[in-house]
Amino acid sequence: METKPKISNVSKTLKSDNWGKLEDLNFDYYFNNGTSKRLSFEMYGKSDGIAVLLYNPKTNKVVLSKQFRAPVYNHSIQNGFLVEVVGGAIDKNESPEKAAIRETEEEVGYKIQTVEKVSTVFLSPGIVNEKVHLFVGEYSEDHKTENGGGVVAEDEEIEVLEIDFIEALKMIDNQEIIDARTIMLLQYVQLKKLMK
Ligand SMILES: Nc1nc2c(ncn2[C@@H]2O[C@H](COP(=O)(O)OP(=O)(O)O[C@H]3O[C@H](CO)[C@@H](O)[C@H](O)[C@@H]3O)[C@@H](O)[C@H]2O)c(=O)[nH]1
Ligand SMILES: [Mg+2]
């Protein structure tokens with residue numbers, strides 16, 4: 001018996017192309033009840049992204065950033081300023097690892113040599129097209145540079161926070177940390193016992 005493909009006749013429609021792209025994915029969807037229907041689902045995204053948690057197992061400290069996020073402000077939360085891990089968009093022809101190392105220096109001013117891959121995740125798979133590559137990276141004071149704070153030409157302004165790991169975990173409990181990438185990476189470090 002011939003089985004129909006679940007998804008067929010796929011096309012894309014570009015609806016907006018500014019900071020990121022808003023597109024429709026159009027397709028015929030074959031339901032389990034034997035009917036099929038043409039569907040269009042909206043997807044928004046830029047390039048894929050990276051996020052890095054910097055941790056120092058000698059001092060039990062982590063480095064986080066604080067910056068303005070429009071959707072957070074839009075919800076009248078924390079006046080729009082979110083505590084996050086280092087994160088950013090991957091440049092054209094750049095590997096996720098290279099992007100993680102570059103963003104770490106740009107945003108928080110530590111020049112690290114290596115990062116360790118944790119996972120690649122979707123943060124909002126119903127809407128957002130971006131995959132985010134998650135990393136952890138060991139740092140020490142020796143890696144500190146004069147840089148950090150974000151790229152002024154990109155209207156970035158980043159406050160660098162170096163705090164005790166235990167304090168960061170408490171900030172998850174009291175809802176001061178509400179960014180999913182940051183929660184995932186802090187809990188990864190806790191689960192894998194990378195720090196006390
Ligand atoms: N988002 C956005 N940023 C803009 C815009 N115009 C200018 N910018 C500036 O461009 C910077 C982009 O910096 P990146 O560090 O490359 O990206 P990011 O926004 O920090 O991305 C990280 O966080 C996202 C979650 O908020 C993640 O989705 C992404 O994967 C990554 O981890 C922002 O900080 C902001 O200052 C705009 O229309 N939208
Ligand atoms: Mg960023």
Side-chain angles (χ1 to χ4, degrees), residues 14-23 41-55 62-112 114-137 139 143-163 168 171-172 175-189:
L14 182 63
K15 297 166 99 176
S16 164
D17 189 1
N18 293 300
W19 175 257
K21 273 187 190 164
L22 180 65
E23 293 170 292
F41 282 7
E42 281 190 349
M43 309 182 291
Y44 177 75
K46 207 169 171 277
S47 58
D48 284 346
I50 57 86
V52 195
L53 175 61
L54 285 188
Y55 70 102
V62 291
V63 174
L64 299 172
S65 66
K66 195 172 192 177
Q67 67 185 301
F68 181 79
R69 293 299 195 184
V72 181
Y73 182 85
N74 188 42
H75 284 274
S76 305
I77 294 172
Q78 298 173 11
N79 203 27
F81 284 83
L82 208 59
V83 174
E84 301 176 27
V85 284
V86 165
I90 301 173
D91 287 343
K92 230 182 167 165
N93 301 323
E94 191 180 41
S95 69
E97 285 75 13
K98 281 255 155 60
I101 288 167
R102 174 182 53 74
E103 286 283 346
T104 297
E105 187 171 4
E106 277 178 15
E107 295 198 347
V108 294
Y110 287 88
K111 198 177 179 68
I112 56 172
T114 57
V115 285
E116 188 190 317
K117 180 81 186 281
V118 173
S119 189
T120 300
V121 300
F122 285 90
L123 295 177
S124 265
I127 299 169
V128 178
N129 209 14
E130 177 198 44
K131 300 195 297 296
V132 181
H133 305 275
L134 301 177
F135 297 93
V136 290
Y139 80 98
H143 297 118
K144 187 108 187 80
T145 67
E146 294 301 310
N147 304 329
V151 180
V152 175
E154 289 176 6
D155 303 324
E156 253 183 337
E157 184 181 60
I158 293 175
E159 186 189 335
V160 182
L161 311 172
E162 188 183 29
I163 59 172
M171 289 166 79
I172 298 176
Q175 294 262 286
E176 271 179 83
I177 291 179
I178 52 173
D179 170 60
R181 299 158 307 153
T182 309
I183 295 171
M184 275 188 279
L185 285 172
L186 286 168
Q187 291 180 343
Y188 173 85
V189 166

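One-based numbering along the sequence shown. It should be emphasised that the depicted structure is a prediction, and the values quoted were computed from it without experimental measurement. Both counts, for ligands and for their atoms, begin at 1 and track the order of listing.
- Residue contact annotation: E107 places an N/O/S atom under 2.8 Å from the Mg ion (ligand 2).
- Residues L64 and M171 are not in side-chain contact: their nearest non-hydrogen atoms beyond the backbone lie 4.5 Å or more apart.
- Under a 4.0 Å criterion applied to the non-hydrogen atoms of Q67, ligand 1 contributes the atoms 34 (O).
- For ligand 1, the polar-atom distance check against D155 finds a nitrogen or oxygen pair separated by under 3.5 Å.
- Within 6.0 Å of atom NZ in K98, 12 or fewer heavy atoms from other residues, nucleotides or ligands are found, so the atom counts as exposed in its surroundings.
- Listed by number with element, the atoms of ligand 1 under 4.0 Å from a non-hydrogen atom of E103 are 15 (O), 16 (O).
- Ligand 1 has an N or O atom lying under 3.5 Å from an N or O atom of G87, backbone or side chain.
- Interface atoms of ligand 1 facing G49, defined by a heavy-atom separation under 4.0 Å, are 30 (O).
- Heavy-atom contacts from other residues, nucleotides or ligands closer than 6.0 Å to NZ of K21 number 12 or fewer.
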- Message: Quick one, Y73 with N79, criterion side chain to side chain contact (heavy atoms under 4.5 Å, CB included). Give me CA distance, side-chain angles, the key distance, then yes/no.
- Response: CA-CA 5 Å; Y73 182 85; N79 203 27; 3.6 Å; yes

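- Considering only non-hydrogen protein atoms, atom 9 (C) of ligand 1 sits nearest to E154 O, 3.1 Å.
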- Message: Checking L123 against V128 for the side chain to side chain contact (heavy atoms under 4.5 Å, CB included) test, could you report, in this order, the C-alpha distance in whole Å, the side-chain angles of both residues, the deciding distance, and whether it holds?
- Response: CA-CA 7 Å; L123 295 177; V128 178; over 6 Å; no

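- Remark: D179 does not engage R69 in a salt bridge, criterion side-chain N to carboxylate O under 4.0 Å.
- Among V85, L186, V115, V189, the one residue that satisfies the side chain to side chain contact (heavy atoms under 4.5 Å, CB included) test with V136 is V189.
- The distance from ligand 1 to the heavy atoms of E130 drops below 4.0 Å at these ligand atoms: 27 (C), 28 (O), 29 (C), 30 (O).
- Residue contacts with ligand 1 leave out K46, since none of its heavy atoms falls under 4.0 Å from the ligand.
- Shown here is K111, whose NZ atom has no more than 12 heavy atoms of other residues, nucleotides or ligands within 6.0 Å.
- Each of the following atoms of ligand 1 lies closer than 4.0 Å to a heavy atom of E107: 15 (O).
- Annotation for ligand 1: atoms under 4.0 Å from non-hydrogen atoms of A89 are 14 (P), 16 (O), 17 (O).
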